[in-house]
2 protein chains.
Amino acid sequence: MTTIDSSQDHAGRRLAAADAELLADSIRSAGLKVTAPRLAVLRALTVMPHSNAEALFGAVHADLPGTSLQAVYGVLASFGTAGLVRKIEPAGSPALFERRVGDNHHHIVCTRCSVVHDVDCAVGHAPCLTPADALGFDVRAAEVIYWGLCAQCQLDTSNP
Amino acid sequence: MTTIDSSQDHAGRRLAAADAELLADSIRSAGLKVTAPRLAVLRALTVMPHSNAEALFGAVHADLPGTSLQAVYGVLASFGTAGLVRKIEPAGSPALFERRVGDNHHHIVCTRCSVVHDVDCAVGHAPCLTPADALGFDVRAAEVIYWGLCAQCQLDTSNP
DNA sequence: CATTTGTTTTGAGTGAATCAAAACAAATGC
DNA sequence: GCATTTGTTTTGATTCACTCAAAACAAATG
């Protein structure tokens, strides 16, 4: 009974359908079967990047009430290995997910409100891939997390 | 009954005692009370940096069988807030601890065997503290984790 | 040595994630 | 179209790393 296109109103129908097709295509071309939970997770991730599994479950569950939290974990795991999403794990936070993959961008996290933004590399191209001394390691990736106060929290803490 | 100096043999005694005094001093000068579990954790951390709480508990428990895992967590938490140890949390790993604090060095983790080494900053002084665009954030810290294969694992995987 | 303050033990509890088996749905071939 | 195969999702239990709280205890201070 659940249709894959979750739009109910006439106005948004055409757009949502096209959107669903795009989402479906990226799932298919990653070599995965297209299912309603997968579409719902991918759509949620488009609207709210840097979300954790719980938050995505909330969003998905609103559209598709039958979906379980474990299904969301399963979808995210398959998306992860298929290269469709990237998982980031800032210290002290549950894992967050985003659709922006393939470029090596980094993240900046607010120590007060935990908001996360993408940031491009500090220095030129594939910047941080060169430690001063790699100690014999074959370095494959560099992950940078900046910590600080976001603009809003700077205001909030200076005017308490 | 448990003495703070855990050395039992004559040969190592003088050195171990001096060592214990050094450890005790750093704990005291961080404003914390000196206790047997704290000395044991700090000593273990000196011998095996980049250890997790469980591993430290193992080492501590060998010297000081009465010590609980929760005590180790408590010691690590107090050391952390006192600035005596640094906690690192690589993705997919329990938290690791090290005594090297105050410099902003980074880490390189083997994706195969999980060994961790310290690496100095990629570029000059306080290097990674400048993202391309900080998006209004007041950036306070940058954490870099390099991922790759350690020298040993490169050998192991090319000669299977 | 008595007191105060802070630490450790003991035991329970939490959040985030994983695992396994059975039920189910999408893609494929007939 | 329908049956089969393959892969996904549900359900339910379980694990791991860690946190919390109260009582017992030990270090520092006077």
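Everything numeric here is computed off the predicted structure, so don't read it as measured data. Below, chains carry the letters A, B, ... as their sequence lines are ordered, and counting in each starts from 1.
- When atom types are taken as modelled, the side chain of B:E89 and the backbone of B:A95 share no donor-acceptor pair closer than 3.5 angstrom.
- Every side-chain hydrogen bond (donor to acceptor under 3.5 Å, both in side chains) that A:R99 has, sequence neighbours left out, goes to A:T46.
- A donor-acceptor pair shorter than 3.5 Å cannot be found between the side chains of A:H106 and A:D118.
- DNA chain D lies under 4.0 Å from no heavy atom of any residue of residues 81-89 of chain B.
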Derivation of the salt bridge (Lys or Arg N to Asp or Glu O under 4.0 Å) call for A:E21 and A:R28: CA-CA 10 Å; A:E21 246 342 287; A:R28 239 187 310 273; 3.3 Å; yes
Contacts under 3.5 Å, N or O only, protein and nucleotides 21-25 of chain D:
none

For A:H50 and A:H117: C-alpha separation, side-chain torsions, deciding distance, then whether ring pair (Phe, Tyr, Trp, His ring centres under 6.0 Å) applies. CA-CA 8 Å; A:H50 310 132; A:H117 286 290; 7.3 Å; no
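- Between A:H61 atom NE2 and D:dT9 atom P there is a gap of 15 Å when expressed in whole angstrom units.
- Between B:L96 and A:G66, the one whose closest nucleotide on DNA chain D sits nearer the 5' end is A:G66.
- Under the 30°/60° scheme for interplanar angles, the aromatic rings of B:H61 and B:F57 are found to be tilted.
- The shortest heavy-atom contact between B:N52 and B:P94 is ND2-CG, 3.7 Å.
- Between the CG atom in A:L149 and the SG atom in A:C110 there is a gap of 5.0 Å [rounded to 0.5 Å].
- Between the P atom of D:dT15 and the CD atom of B:E54 lies a distance of 15 Å, rounded to the nearest Å.
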Below 3.5 Å is the cut-off: list the nitrogen or oxygen pairs between protein and nucleotides 4-8 of chain D, distance only.
{"residue": "D:dT6", "atom": "O2", "partner": "A:K33", "partner atom": "NZ", "Å": "2.9"}
{"residue": "D:dG7", "atom": "O4'", "partner": "A:K33", "partner atom": "NZ", "Å": "3.2"}
{"residue": "D:dT8", "atom": "OP1", "partner": "A:R38", "partner atom": "NH1", "Å": "2.8"}
{"residue": "D:dT8", "atom": "OP1", "partner": "A:R38", "partner atom": "NH2", "Å": "2.9"}
{"residue": "D:dT8", "atom": "O5'", "partner": "A:R38", "partner atom": "NH2", "Å": "3.3"}

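- Nearest heavy-atom pair across B:D138 and A:Q154 is N-NE2, 3.1 Å.
- Rounded to an integer number of Å, the gap from OH of A:Y73 to P of D:dG12 is 19 Å.
- Following chains of ILVMFWY side-chain contacts shorter than 4.5 Å, one can reach B:V115 starting from B:V119, so the two form part of one hydrophobic cluster.
- Using a 4.0 Å heavy-atom cutoff across all strands shown, B:A95 reaches sugar-phosphate atoms only and no base atom.
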Which atom pairs, one a donor and one an acceptor, fall under 3.5 Å between side chains of residues 76-85 of chain A and the rest of the protein, sequence neighbours left out?
{"residue": "A:S78", "atom": "OG", "partner": "A:G74", "partner atom": "O", "Å": "3.4"}
{"residue": "A:S78", "atom": "OG", "partner": "A:V75", "partner atom": "O", "Å": "2.9"}
{"residue": "A:T81", "atom": "OG1", "partner": "A:A77", "partner atom": "O", "Å": "3.3"}
{"residue": "A:T81", "atom": "OG1", "partner": "A:S78", "partner atom": "O", "Å": "3.2"}

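- There is a side-chain donor-acceptor pair under 3.5 Å between B:H107 and B:E98.
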CA sep, side-chain torsions, deciding dist, call: B:L56, B:M48, side chain to side chain contact (heavy atoms under 4.5 Å, CB included): CA-CA 8 Å; B:L56 292 168; B:M48 33 189 262; 4.2 Å; yes
Intra- and inter-strand pairs of DNA chain D in dot-bracket (Watson-Crick or G-U wobble, both distances under 3.5 Å; | for another strand): ||||||||||||||||||||||||||||||
